[in-house]
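So that the names make sense, note that chain A is the first sequence line, chain B the second, and so on, each numbered from 1. Quick caveat: nothing in here was measured; it's all calculated off a predicted structure.
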There are 2 protein chains.
Amino acid sequence: MADPEIPPPPWQRLPDRSSRKRREPISRDAIVAAAIGLLDREGLSALSMRRLGEELGAGAASLYWHVGSKDGLLDLVLDELIGEVEVPDPDPARWQQQLKETARSQRRVSLRHPYLVRVSIGRIPMGPNALRVTEGTLAILRAGGLSPRLAVQGYLLLIDTVNGFTVDETGVEDGGAPQLPPEELQKVADMARDYIASLPPEQFPNMTDLAGEFAFSDPDERFEILIDIFVDGLARRAAAR
Amino acid sequence: MADPEIPPPPWQRLPDRSSRKRREPISRDAIVAAAIGLLDREGLSALSMRRLGEELGAGAASLYWHVGSKDGLLDLVLDELIGEVEVPDPDPARWQQQLKETARSQRRVSLRHPYLVRVSIGRIPMGPNALRVTEGTLAILRAGGLSPRLAVQGYLLLIDTVNGFTVDETGVEDGGAPQLPPEELQKVADMARDYIASLPPEQFPNMTDLAGEFAFSDPDERFEILIDIFVDGLARRAAAR
DNA sequence: ACCTGAACACCGTTCAAGT
DNA sequence: ACCTGAACACCGTTCAAGT
């Protein structure tokens, strides 16, 4: 998990608790694990310090000694989940496919933990796992022969692109569940379709015409189009000079 | 503003208040305007129903008669701000530039109201202004000769792409201000650079090597790269078949 | 070194009651 | 038709006090 060699970034919102020995029922790791469990089961709105304390059989105030604040806890949760992202070792001959694989892995993790992208907003992920993913992704981009500048811009854009897609895909949260069940999602899509189809065609010729496409538009296909366009365009730019 | 011809979508979280006559100091429009003013001045975390009531010289409970809930209010705020997005009339010869202009306008609005993208998360924007923007964007895509299917996928991806970029760009919120001031942003960037540069080079050869690039990476350039790649790739796909 | 209960300063929302 | 104060059920966080 945490790599003890690497000091945390200076803006980390966490108290210094280097001297932790025995593994007690309540510890930083246990709190993070419990938080992720709660988030996976009940979604972002269910996570409160009081509720999490209950879950661990402790008072809410106890948590503050370990994680400093709710914000600090979410920093830890974010890095823990970024740890689930898989980044292949760079192979210059396959760098484009490898970049796509990285993007797909990122999307998979974001779908598995639908609150993840929302937690990441406003945070600069620089925990040990984030560093590993960043380093690995940059390695692939450099293996592709991108200039230093384009490698960094491309890396930042890849994250934005995948996050933009998944924040949309996972944005709708149910009260009780982290994500609306598929049939509910379909119902929302159907309602949107019917509403679009009911608009006055003189004013909205294109929308009414395309109402059916909206309902059947496939997110998997859409994601593949996105990373195809992105990786292809990046490669083209790299080759251009 | 609101177009009375178009009925609201069925999932709109607003009470039906069709019979509104005199323009009083407190009205749906006045509440939305006050909310946007407050958000512009102090950011997303400053908006509470109590605070907004104060701002309008009314009790918080009074707002509920007009906007139903905070969620309903944010639906209205979102559509009002989408109204600031400019979409050019479709010109088949210039559709690629027009798509980029639409994306740039979207980004400008999101920078002017840095909380906007966060408000839009989890909402399907289907107010009158959103319909206008969607119809206009689809018109440009159809003018470009895209198939119905690719036009819809491309439209959805364009939004995701721009939002992914701007949610990153506007993600850091200050307590007192809607957005960190530029010098604070630079300080954050410098801290990140220094931290990256301080990492062990054996473990992070690419990050340490590229630390400088991270600090100087220009968001305007990055955005142009993004829409270049995206629009170009979309055109290529459209031409491919 | 760790955990606690109680308190502070907030939230969104409801509702009976007013005009 | 519109607005109110008071109440309900929550928040994150602090802090003196405990062990």
Base, sugar-phosphate, or nothing: which does Leu47(B) touch, judged by heavy atoms less than 4.0 Å apart? sugar-phosphate
Measure the distance from CG on Leu73(B) to C1' on dT13(C) and round it to the nearest whole Å. 14 Å
Counting side-chain heavy atoms from CB outward, which of dC15(D), dC2(D), dG12(C) is closest to Lys70(B)? dG12(C)
Watson-Crick or G-U wobble mate for dT4(C), both contacts under 3.5 Å: dA16(D)
Measure from the side-chain heavy atoms of Ser69(B) and tell me the nearest of dT13(D), dC2(D), dT13(C). dT13(C)
To the nearest Å, how far apart are Trp65(B) CH2 and dC15(C) P? 17 Å
Please state how far atom CD in Glu54(A) lies from atom P in dC11(D), giving the value in whole angstrom units. 9 Å
Tell me which nucleotide among dC15(C), dC3(C), dG12(D) gets nearest to the side chain of Ile26(A). dC3(C)
Any luck finding a side-chain donor-acceptor pair between Thr134(A) and Tyr155(A) under 3.5 Å? yes
Residue Arg50(B), side-chain atoms from C-beta onward, closest of dC8(D), dC3(C), dG5(D): dC8(D)
How about CD on Glu221(A), more than 12 heavy atoms from neighbouring residues, nucleotides or ligands closer than 6.0 Å, or not? yes
N or O in side chain of His66(A) less than 4.0 angstrom from dC3(C) OP1/OP2: yes
Residues, nucleotides or ligands: over 12 heavy atoms within 6.0 Å of Glu55(A) CD: yes
Within 45° of the six-membered ring axis of Phe223(A) and under 6.0 Å from that ring's centre, is NZ or CZ of Arg107(A) located there? yes
In this structure, how many angstroms lie between the P atom of dT4(D) and the CG atom of Leu56(B), rounded? 10 Å
Look up atom CD in Gln153(B) and atom CZ in Arg222(A), then write down how far apart they are to the nearest 0.5 Å. 5.0 Å
Look through every strand shown and name the nucleotide pairing with dC10(C) as Watson-Crick or G-U wobble, where both distances are under 3.5 Å. none
Figure out the CD1/C1' separation between Ile31(B) and dC3(D), and round it to whole Å. 11 Å
Compare the minimum distances between each of dC8(D), dC11(D), dT4(D) and the side chain of Ser48(A), then state the nucleotide with the smallest one. dC11(D)
Without decimals, in angstroms, what is the distance between Met49(B) CE and dT4(D) P? 13 Å
Check the distance between dC11(D)'s P and Tyr64(A)'s OH and give it to me in whole angstrom. 11 Å
Could you give the CG-to-P distance, from Leu63(B) to dT14(C), as a whole number of Å? 13 Å
